[in-house]
Protein chains: 2
Amino acid sequence: MRDPRLHCPLTLAVKAISGKWKLYILSMLSDGTPKRYGELLKSTCENLTEKMLTSQLRELEKDGIIARKVYPEVPPRVEYMLTESGRKLCMIFEPLYEWGVDYMKTHRRDQLPWLEMGMKQLS
Amino acid sequence: MRDPRLHCPLTLAVKAISGKWKLYILSMLSDGTPKRYGELLKSTCENLTEKMLTSQLRELEKDGIIARKVYPEVPPRVEYMLTESGRKLCMIFEPLYEWGVDYMKTHRRDQLPWLEMGMKQLS
DNA sequence: ATAAGTAGGTACTTTTCTGTTCCTTACTTA
DNA sequence: TAAGTAAGGAACAGAAAAGTACCTACTTAT
């Protein structure tokens, strides 16, 4: 309520991408082509549940990072895509990703970067 | 355990700075001069408790973002400073901060950026 | 003798975040 | 007639993060 960090742009940026599935979602959308709900749900090998996908999408939408487009069809069709803010945010993933690669090299904990496919299309 | 995101450099980077007081700590240390425990504890207007400061410092240290230097004196003196990885990570705060400023302007929710003092010294 | 400063630790509770399971609507196809 | 599909919603359970309150050791100052 009286937390000044709510007014901090840096905190805002970090909070916008903090959420277990947000980086996954953003990496999926970062190639520019809109994605459907079911598409996002199925294209991960992990157990992303419907509830979690929905809640993460809602938060990203509320924060103005992604946009939701509903086609008045049956069966329903909904597409998600990055907003202008979202695109700008994804740009910063590149240096963060590079930091992570460097970090993993120097701390050599394990290999095999993931999310690489989506992220590579940022450059 | 079998979560591939543990191998994702981007996820690693975001997790490293996710923690309620980590950005505050890093912003304090980002000017390059080591800071003492009590100094970190007292220089925020908010209620950062001893327990939280300790746990956040421990995590940052475990992750190799900050280093801890104990002086064998009485009364005890402990200094915290950024590691090489930490300094590199803090560089990326600049574009993130800029994104936040831009975001706040376009979404005009409120003003008054915070943490500005520490962050400005990054550039 | 007592209190204060320094850098914490421990136990417990509360809050927030994630995950599980089942339900809905409206149309289409077998 | 029944099942399938797309995109969810709601209720509840469990895990993780954060907060509260109190405790430690050591030494110097009062």
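The sequence lines fix the lettering, A, B, ..., with proteins before strands; numbering per chain opens at 1. Keep in mind that the numbers below use all heavy atoms, side chains included, and drop hydrogens, waters and symmetry copies.
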**OP:** Go through the steps for B:K22 and B:L60 under the test side-chain contact (heavy atoms from CB on, under 4.5 Å), then give the verdict.
**Re:** CA-CA 8 Å; B:K22 289 187 184 173; B:L60 288 169; 3.8 Å; yes

Subject >> Atom-pair distance (CG on B:L53; P on D:dA17), nearest Å >> reply: 18 Å

**OP:** To the nearest Å, give me how far apart NZ (B:K69) and C1' (C:dA7) are.
**Re:** 17 Å

**OP:** Run the numbers on A:W21 and A:E59 for side-chain contact (heavy atoms from CB on, under 4.5 Å), then give the verdict.
**Re:** CA-CA 11 Å; A:W21 302 96; A:E59 282 182 33; over 6 Å; no

Original post:
Just by modelled atom types, is the A:E50 backbone N or O under 3.5 Å from a matching donor or acceptor in the A:Y37 side chain?
Top reply: yes

**OP:** Have a look at the helix from C:dA1-D:dT30 to C:dA30-D:dT1 and give the angle its two end axes make, five pairs each, rounded to 10 degrees.
**Re:** 30°

Subject >> For A:P76 against A:R36, the heavy-atom pair lying closest together >> reply: O-NH2, 3.5 Å

Original post:
What is the distance, rounded to the nearest whole Å, between atom CD of A:E46 and atom C1' of C:dT20?
Top reply: 17 Å

Subject >> Single-linkage hydrophobic cluster, 4.5 Å side-chain cutoff, B:M81 and B:V78 together >> reply: no

**OP:** Send over the distance from B:M52 CE to C:dT10 C1', rounded to a whole Å.
**Re:** 15 Å

Original post:
Is B:L48 reachable from B:I66 through a run of hydrophobic residues whose side-chain heavy atoms are each under 4.5 Å from the next?
Top reply: yes

Subject >> B/S/- contact track for nucleotides 7-15 of chain D, protein heavy atom under 4.0 Å >> reply: SBS-B----

**OP:** May I have the step-by-step check of salt bridge (Lys or Arg N to Asp or Glu O under 4.0 Å) for A:K35 and A:E39, ending in yes or no?
**Re:** CA-CA 6 Å; A:K35 299 281 184 301; A:E39 201 173 350; 5.0 Å; no

**OP:** Could you check how far OH of B:Y71 sits from P of C:dG8, rounded to whole Å?
**Re:** 13 Å

Subject >> For atom CD of B:E73 and atom P of D:dT28, their distance in whole Å >> reply: 12 Å

Subject >> A:L48 CG to C:dG19 P, straight-line distance once rounded to whole Å >> reply: 8 Å

**OP:** Using whole Å, report how far CG of B:L23 lies from P of D:dA18.
**Re:** 12 Å

Subject >> Residues B:Y24, A:T11; criterion side chain to side chain donor-acceptor pair (under 3.5 Å); working and verdict >> reply: CA-CA 9 Å; B:Y24 162 71; A:T11 305; over 6 Å; no

Original post:
Is B:V70 reachable from B:L53 through a run of hydrophobic residues whose side-chain heavy atoms are each under 4.5 Å from the next?
Top reply: yes

**OP:** With heavy atoms under 4.0 Å as the rule, sort B:Q56 into base, sugar-phosphate or nothing.
**Re:** sugar-phosphate

